[in-house]
Amino acid sequence: MKTVTRFAPSPTGNFHIGSARTALFNWLFAKNTKGKFLLRIEDTDKARSTKESINKILDGLKWLNLDWNNEIIYQSKKQKRHREIAEELLKKGLAYKCFCSEEELNKMREEAKILKKPFRYNRMWREKNPKESPKNIKPVIRIKSPIKGETKIDDIIQGTIRVSNEEMDDFIIMRSDGTPTYMLSVVVDDHDMNVTHIVRGHDHLTNTFRQNVIYDAMKWDKPITSHIPLILGSDGSKMSKRHGAIDVEEYKMKGILPSALINYMLRLGWSHGDDEIISLENAIKWFSLERIGKSPAKFDNEKLISVNSHYIKELKNDEIIKFLESYYSSKYKIKIDEISVKRLNLGLNDIKLRSRDLNQLAEMSLFYCSKFPLSISKKAKKYIKKADKTIFTDLLIVLENIKNDFKKQKIEEIISKFLIEKGLKLSDIIQYIRAMITGLDVSPRIYDIMEILGFVEIKKRIENFING
RNA sequence: GUCCCCUUCGUCUAGUGGUCUAGGACGUCGCGUUCUCAACGCGAAAACACGAGUUCGAAACUCGUAGGGGGCACCA
């Protein structure tokens with residue numbers, strides 16, 4: 001049988017990193033088993049679902065390259081079908097109308113609180129004749145859940161879990177306004193979509209027991225479930241805003257590569273021996289739900305960054321230049337001209353080695369592209385302020401001698417000769433030169449940069465300091 | 001509160017009863033290299049939550065304790 005997985009987010013906010021990992025695991029499992037990965041938007045909550053949120057989810061999935069099969073299914077469009085199932089259950093006597101008022105329900109809640117028991121609907125309308133119903137109340141439809149015995153689920157990740165049926169009550173499947181609840185919708189949609197494997201967050205584990213009641217009532221085959229542990233913040237509490245970035249979009253803005261985020265999320269809960277850097281190809285080949293751990297993982301930004309810097313090193317120059325084009329044009333209103341492209345192609349390899357994220361890479365490469373005069377960073381300014389102008393005036397004269405053969409070995413030679421004559425060490429001047437020609441305090445090797453920029457450009461930048 | 005789940009270095013994890021004086025990665029620290037560095041090289045510190053039991057033998061199995069997480073809506 002062909003496997004079918006689904007990712008079923010509710011569009012009520014941003015695209016959370018936890019949801020992204022759920023999507024990834026579904027996607028990987030589908031790819032690994034050569035099955036299908038479907039996307040369903042659970043927008044039954046009209047009040048909270050937004051178009052923006054749907055777009056964020058879609059953008060995020062596309063950015064991560066988690067492509068889905070078939071058309072997107074919008075749960076809200078399936079309500080007629082959900083209602084039919086509820087009617088059918090009603091007709092079969094497996095569900096019933098409940099005419100409880102808000103007050104009656106609140107009373108049950110209070111009683112439960114006093115008895116220190118969890119709230120459970122007392123099933124007062126389960127056997128009552130609907131003719132006794134109060135006229136002023138629109139009923140909900142509740143499903144008859146078993147009163148005695150226990151329910152067992154076999155979860156691929158969590159193993160076998162048994163819960164006494166007394167823990168469950170007759171939950172609502174249709175609201176009083178005639179709309180289906182989540183619990184009904186998921187089951188009907190998963191069944192209609194022929195979903196074979198449900199991979200979702202651990203927070204849904206107890207829902208499985210409720211959903212089983214519906215499957216049993218309809219005599220439908222149950223999908224196999226895998227409840228993946230949640231991602232926690234660095235302090236072990238639920239991941240939230242105060243832990244920093246939690247939405248996929250934020251990672252993109254921070255210059256994280258989709259490949260890096262995928263690799264990092266994959267290793268949160270799943271492993272393959274000692275492998276850390278795992279190509280997508282291997283991820284698909286090796287992935288299995290059985291190998292997902294049961295304990296929740298804390299999100300570690302430092303590790304993400306280190307994975308990211310690895311993937312940055314693998315980037316091709318033209319991919320980077322494409323990124324730089326949009327980064328520079330939106331942030332600095334700079335266009336990358338032909339000469340800058342030439343310089344970038346010569347200099348990017350060195351910069352890739354020391355970049356933790358794309359934004360940092362862009363800032364570090366800026367000196368290859370910026371128009372004269374250069375913008376100078378705070379730390380670089382400090383160096384420049386301290387530099388002795390006469391030394392650099394003399395240095396320029398020396399450099400001018402080799403302007404027709406401005407190669408790094410030559411530059412190195414002539415500078416060391418210059419230093420000996422002046423009785424200086426390289427470290428006496430290197431940071432000043434760096435600041436003047438890159439506007440930064442950190443950069444690749446100076447001789448390489450000088451060669452790439454060429455004498456004319458170097459002269460301009462140093463003179464700017466001397467005259468400034 | 002209640003039901004369910006979880007617990008190996010700071011973090012992610014390897015580990016499926018003997019090969020574990022517990023391996024890898026990130027981070028930390030030290031040393032080296034270099035022209036700065038968030039690069040590179042080498043090295044170090046660092047964990048089986050606790051207590052019982054099963055067993056010739058337990059990080060691994062069982063039970064308890066503690067700590068953590070999740071569910072308990074006319075939300076999804």
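Values reported hereafter were calculated over all heavy atoms of this structure, with side chains retained and with hydrogens, waters and symmetry mates removed. The sequence lines fix the lettering, A, B, ..., with proteins before strands; numbering per chain opens at 1.
In the set rA76(B), rC40(B), rC35(B), the nucleotide with an atom closest to the side chain of S10(A) is rA76(B). Comparing rA76(B), rG69(B), rA25(B) against the side chain of K303(A) picks out rA25(B) as the nearest. Residue R356(A) places its side chain closer to rA38(B) than to any other of rA38(B), rU13(B), rC35(B). Candidate nucleotides rA76(B), rG70(B), rC4(B) were compared by shortest atom distance to the side chain of I161(A), and rC4(B) ranks first. Proximity note for S306(A) (side chain, C-beta onward) versus rC72(B), rC5(B), rG27(B): the nearest is rG27(B). When distances run from any side-chain atom of R267(A) to the nucleotides rU2(B), rG24(B), rC35(B), the shortest one goes to rG24(B). Candidate nucleotides rA76(B), rU13(B), rA25(B) were compared by shortest atom distance to the side chain of R48(A), and rA76(B) ranks first. For K298(A), taking side-chain heavy atoms from C-beta onward, the closest of the listed nucleotides rA76(B), rC74(B), rC12(B) is rC12(B). Residue P118(A) places its side chain closer to rU2(B) than to any other of rU36(B), rU2(B), rC12(B).
Nearer to the 5' terminus of RNA chain B, by closest-nucleotide assignment, is the contact made by S234(A) (compared with the other of S234(A) and M183(A)). Map M364(A) and V140(A) each onto its nearest nucleotide of RNA chain B; the residue landing nearer the 5' end is M364(A).
One P atom belongs to rU13(B), the other to rU19(B), and the distance between them is 25 Å to the nearest Å. A distance of about 11 Å separates the C1' atoms of rU16(B) and rC61(B), rounded to the whole Å. When the C1' atom is used for both rG67(B) and rU54(B), the distance is 26 Å, rounded to whole Å. Taking atom C1' on both nucleotides, rC40(B) is separated from rU33(B) by 8 Å, rounded to a whole Å. Of the P atoms belonging to rA49(B) and rA22(B), the separation is 15 Å, rounded to the nearest Å. Taking atom P in both rG23(B) and rG71(B), one finds a spacing of 37 Å when rounded to whole Å.
Side-chain atoms of Q431(A) and Y383(A) form a donor-acceptor pair, as typed in the model, at a separation below 3.5 Å. For the residue pair H82(A) / T44(A), no side-chain donor-acceptor distance below 3.5 Å is found, with atom types taken as modelled. E413(A) and Y447(A) share no donor-acceptor pair across their side chains, judged by distance under 3.5 Å alone.
With a cut-off of 3.5 Å on both pairing distances, rU33(B) has no Watson-Crick or G-U wobble partner at all. Pair assignment for rA25(B): rU11(B), on the basis of Watson-Crick or G-U wobble contacts that are both within less than 3.5 Å. If you check rU16(B) for Watson-Crick or wobble pairing at under 3.5 angstrom, you find it has no partner at all. Nucleotide rC63(B) forms a Watson-Crick or G-U wobble pair with rG51(B), both donor-acceptor distances falling under 3.5 Å.
Judged by atom type and distance alone, D274(A) reaches the base of rG23(B) through a side-chain donor-acceptor pair under 3.5 Å. A donor and an acceptor atom never sit less than 3.5 Å apart when one is taken from the side chain of T206(A) and the other from the base of rC4(B). Residue-to-nucleotide contacts include a donor-acceptor pair under 3.5 Å from the side chain of R354(A) to the base of rU36(B). The base of rA76(B) lies close enough to the side chain of N207(A) for a donor and an acceptor atom to sit less than 3.5 Å apart.
Between rC37(B) and R445(A), no contact under 4.0 Å exists linking OP1 or OP2 to a side-chain N or O. Between S443(A) and rU36(B), a side-chain N or O to OP1/OP2 separation shorter than 4.0 Å is absent.
Taking the ring centroids of F29(A) and F37(A), they lie at or beyond the 6.0 Å cut-off.
Within the nucleic acid shown, E42(A) comes within 4.0 Å of sugar-phosphate atoms alone, with no base atom in reach, counting heavy atoms only.
Taking each heavy atom of M108(A) and C100(A) in turn, the nearest pair found is CE-SG, 3.9 Å.
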